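All figures in this text were calculated on a predicted structure; none of them were measured in a lab. Naming: A, B, ... by sequence-line order, numbering from 1 per chain.
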Protein chains: 2
Amino acid sequence: MSSRTKIKDIARVAGVSTATVSRALSDSSLVTHATRDKVREAASKLNYRLNVRARNLRIQKSMAVLLVVRNMSNPFYLEIFKGVEAVARAAGYVLLMGNTEDDDDRDIEYFDMLRDGQADGMILMTGKLPADHEVLQTASGMAPIVVALEAVDDCKLAHIQIDNCTAAKQAVNHLVSLGHRRIAHICGPLPEILGRLRLEGYRTAMAEAGLDIPEGYDPVGDYSIHSGKECCRQLFDREDPPTALFVANDEMAFGAIGELRRRGLGVPQDVSVIGFDDLFISESYSPPLTTISQPRMEIGQTAMTMLLDIIGARLTDPKTIEMPTELILRESTGPVIQ
Amino acid sequence: MSSRTKIKDIARVAGVSTATVSRALSDSSLVTHATRDKVREAASKLNYRLNVRARNLRIQKSMAVLLVVRNMSNPFYLEIFKGVEAVARAAGYVLLMGNTEDDDDRDIEYFDMLRDGQADGMILMTGKLPADHEVLQTASGMAPIVVALEAVDDCKLAHIQIDNCTAAKQAVNHLVSLGHRRIAHICGPLPEILGRLRLEGYRTAMAEAGLDIPEGYDPVGDYSIHSGKECCRQLFDREDPPTALFVANDEMAFGAIGELRRRGLGVPQDVSVIGFDDLFISESYSPPLTTISQPRMEIGQTAMTMLLDIIGARLTDPKTIEMPTELILRESTGPVIQ
DNA sequence: AGCCGATTTGTAATCGATTGCAAAATTGAT
DNA sequence: ATCAATTTTGCAATCGATTACAAATCGGCT
């Protein structure tokens, strides 16, 4: 491949200066239509392509955003990826994937990339902030970071979240309204705010319904299918097993249902199960899973839109957007049968 | 944030030239240990951070690879993403996500990005090549592209694939060995090579077993849960419904199982179902799905490794790596019951 | 024609690194 | 001490664009 043509070449062919070429190609109002067309013609004759690297160096932007998650292979993120990607590309940004595997050092690496200008912004879904990283200490304006679905305190950042506590209450209320009284909750990890909020919602709803939570009725899993199975086993090895399960995410709910099936317990005849997230598969699981749905694609889109606003300085003060959730009634929950 | 320190600043502080600074920081053998340390010290005192953009412009690389898929929210890709990401980051590359949504124009955009140097290489999972794109016509050496899990002809590219035909045969053979004779196949889209190969494997296996394929026993879906349901409906509305289904992917298999359940047919008592892909959820589906497993993470890792070899010119001739598949026996298949 | 102001164009600096080549410093041998 | 060979260093060009500022051109008006 012969060396690429650059604006210098166009300048020569069109008989103008490189400055004019640059202006013409970017539709600056500083060039006449005549020269603009002349330059355009030369450019297309020479098959010119802008060197993005050079331009980005000059304008001090990278036109890339970083999407950082703790585990890239979590299916929950898929729709979010898609939403972010759609908005990012529409705005001319490329999407850089970051995967921390819960490793703090990696976390820092991505923050470093942001500070070093390898990305212009970041959508953070890990819920972790490297303590007082330079990036967070810009005196002027906000750091170009949107925290999605997690919360970090100590810092003035834009957030987009759902109301986990209320959603959890709603789920439990549904079970209560079906007549269940022994309702257990399989939690997510409690160091994380998400797990805590859902647990809080569960507890509140139970208290409001005047129901006791027996010791051990809220085992902690790690959002994996396997841990759902394990927690379910614990609960049903008890003498007073629950008749309904509110599980902190769909995957653990699947694990729990598998375990129930293994024990010969029917869902929902013997036990009602309700999940959280509404994975793509939940609708057609057997039984179709009652669950809390989050508008994941919209969350991705909104997060990216917010990030663009921050980058473009249209948004300069911390702001938290709350997205609505919805309780999706399917066939894994039913009235309690004595 | 005061303007970032650059090598010029270090040069001043360390009392050397920028050339020496650059060499010292990149561990060139052209500097003495003494000056190297001196420079290093100045750099860390000044809190220096390399400007990656500037360096990339100069060395004419972007240290980024593009991963292009037709639909970002397909859960099948997750483990592949992860494999690619792991190898890429270990080699110092960042991962750019490309999502075509089956739009040819987008396809071209990503090829343009490659040509324009916005990425140094590409892992292509769409199975589509923009006809005679410049990138493909490098006289010298191969284009830095690895085609994964799809095949494109007409062109000398590196491929990584699985043996779809043999895997499909294996699946069908399993059903045959369980005594099934009326075995249907829910195909993937046939414009795509994947769908055709799996269909071919099905047909071959049936022929080898001396079994007829009635007209309409191979309905075509689009890999979605919904289309699996739809194809299943067609098959079981017949007078001679099958006793076993080999489905071209797990999602359609889920759809089919849902439809069977709706009709009051048990899996595997009444109908055996076998899928393809072994999604994360398949193991704990009810019933756990018998399926063909592909080593997805390894496929991602291997694809990226190959790409690095091409970029590094360690691999200069087209090569196809074939990854092994495995038939995973679970509970969705069983002996035929008369 | 001459002058003023508004447009349009060009010159050259700049973004922040890497690197070819020349110059300087060092080493070793005589 | 001298000189050649070798190792270290520095100068300045380069990657390919954008843009501040200066220069040129144009148009309108007297």
Side-chain angles (χ1 to χ4, degrees), chain A residues 1-40 42-43 46-64 92 112-113 115-120, chain B residues 1-40 42-43 46-64 92 112-113 115-120:
Chain A
M1 180 159 30
S2 58
S3 96
R4 296 270 301 283
T5 77
K6 23 190 166 179
I7 59 172
K8 215 173 185 175
D9 303 318
I10 301 180
R12 191 180 321 114
V13 170
V16 296
S17 71
T18 60
T20 302
V21 173
S22 174
R23 294 191 189 107
L25 293 180
S26 61
D27 259 332
S28 159
S29 62
L30 288 176
V31 289
T32 54
H33 284 261
T35 48
R36 200 201 58 175
D37 293 344
K38 189 171 59 179
V39 169
R40 285 278 166 92
L46 294 179
N47 226 305
Y48 171 75
R49 300 241 96 215
L50 174 68
N51 183 318
V52 179
R53 256 187 253 117
R55 142 184 263 250
N56 284 349
L57 169 60
R58 177 62 226 229
I59 69 177
Q60 305 268 53
K61 287 189 157 212
S62 60
M63 296 309 284
D112 284 348
M113 285 179 64
R115 169 189 49 192
D116 296 348
Q118 290 203 67
D120 296 334
Chain B
M1 179 160 32
S2 58
S3 96
R4 294 268 300 282
T5 79
K6 22 190 166 179
I7 60 172
K8 216 174 185 176
D9 303 318
I10 301 181
R12 191 179 321 114
V13 170
V16 297
S17 70
T18 62
T20 301
V21 173
S22 173
R23 294 189 189 108
L25 293 180
S26 61
D27 258 331
S28 158
S29 61
L30 288 176
V31 289
T32 53
H33 283 261
T35 49
R36 201 201 56 175
D37 292 345
K38 190 171 56 182
V39 169
R40 285 277 167 92
L46 294 178
N47 228 305
Y48 172 75
R49 298 241 97 215
L50 175 68
N51 182 318
V52 178
R53 256 188 251 117
R55 142 184 262 249
N56 284 348
L57 169 60
R58 176 62 226 230
I59 67 177
Q60 306 266 55
K61 287 188 156 209
S62 60
M63 297 308 283
D112 284 348
M113 285 179 64
R115 169 190 51 192
D116 297 348
Q118 290 203 67
D120 296 334

Can you name the side chain to side chain donor-acceptor pair (under 3.5 Å) partners of B/Asp116, sequence neighbours left out? A/Arg49

Taking only residues two or more places apart in sequence or in another chain, which ones pass side chain to side chain donor-acceptor pair (under 3.5 Å) with A/Asp112? A/Arg115, A/His133

To the nearest 0.5 Å, what is the distance between [atom1] ([X]) and [atom2] ([Y])?
| X | Y | atom1 | atom2 | value |
| --- | --- | --- | --- | --- |
| B/Asn56 | A/Asn56 | CG | CG | 10.5 Å |
| B/Arg58 | B/Asn51 | CZ | CG | 14.5 Å |
| A/Lys61 | A/Arg55 | NZ | CZ | 9.5 Å |

Mind checking B/Val52 for me? I need base, sugar-phosphate or nothing, with any heavy atom below 4.0 Å counting as a touch. nothing

Side-chain heavy-atom pair A/Leu46, A/Val13 within 4.5 angstrom cut-off: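 Side chain of A/Leu46 against side chain of A/Val13, heavy atoms only: contact under 4.5 Å found.
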
May I have the distance from B/Lys8 (atom NZ) to D/dA12 (atom P), rounded to whole angstrom?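 To the nearest whole Å, that distance equals 13 Å.
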
A/Met63 CE to D/dA17 C1', in whole Å, measures 15 Å

First and last nucleotide of DNA chain C, 5' to 3', lying under 4.0 Å from heavy atoms of chain A: C/dT8 to C/dG16

Please enumerate all protein N or O atoms sitting under 3.5 Å from an N or O of nucleotides 24-27 of chain D, with distances to 0.1 Å.
none

Report for the helix from C/dA1-D/dT30 to C/dT30-D/dA1: angle between first-end and last-end helix axes, five pairs each, rounded to 10 degrees.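 Here the local axes at opposite ends form an angle of 50°.
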
Partner of B/Val39 by side chain to side chain contact (heavy atoms under 4.5 Å, CB included), out of B/Val31, B/Ile7, B/Val21: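 Running side chain to side chain contact (heavy atoms under 4.5 Å, CB included) over B/Val31, B/Ile7, B/Val21 with B/Val39 returns exactly one hit, B/Val21.
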
Please write out the pairs of protein N or O atoms and N or O atoms of nucleotides 19-23 of chain D separated by less than 3.5 Å, giving the distance to one decimal.
residue	atom	partner	partner atom	Å
D/dA20	N6	A/Arg23	NH2	3.2

Judged by each residue's nearest nucleotide on DNA chain D, which is more toward the 5′ side, B/Gly15 or B/Ala54? B/Gly15

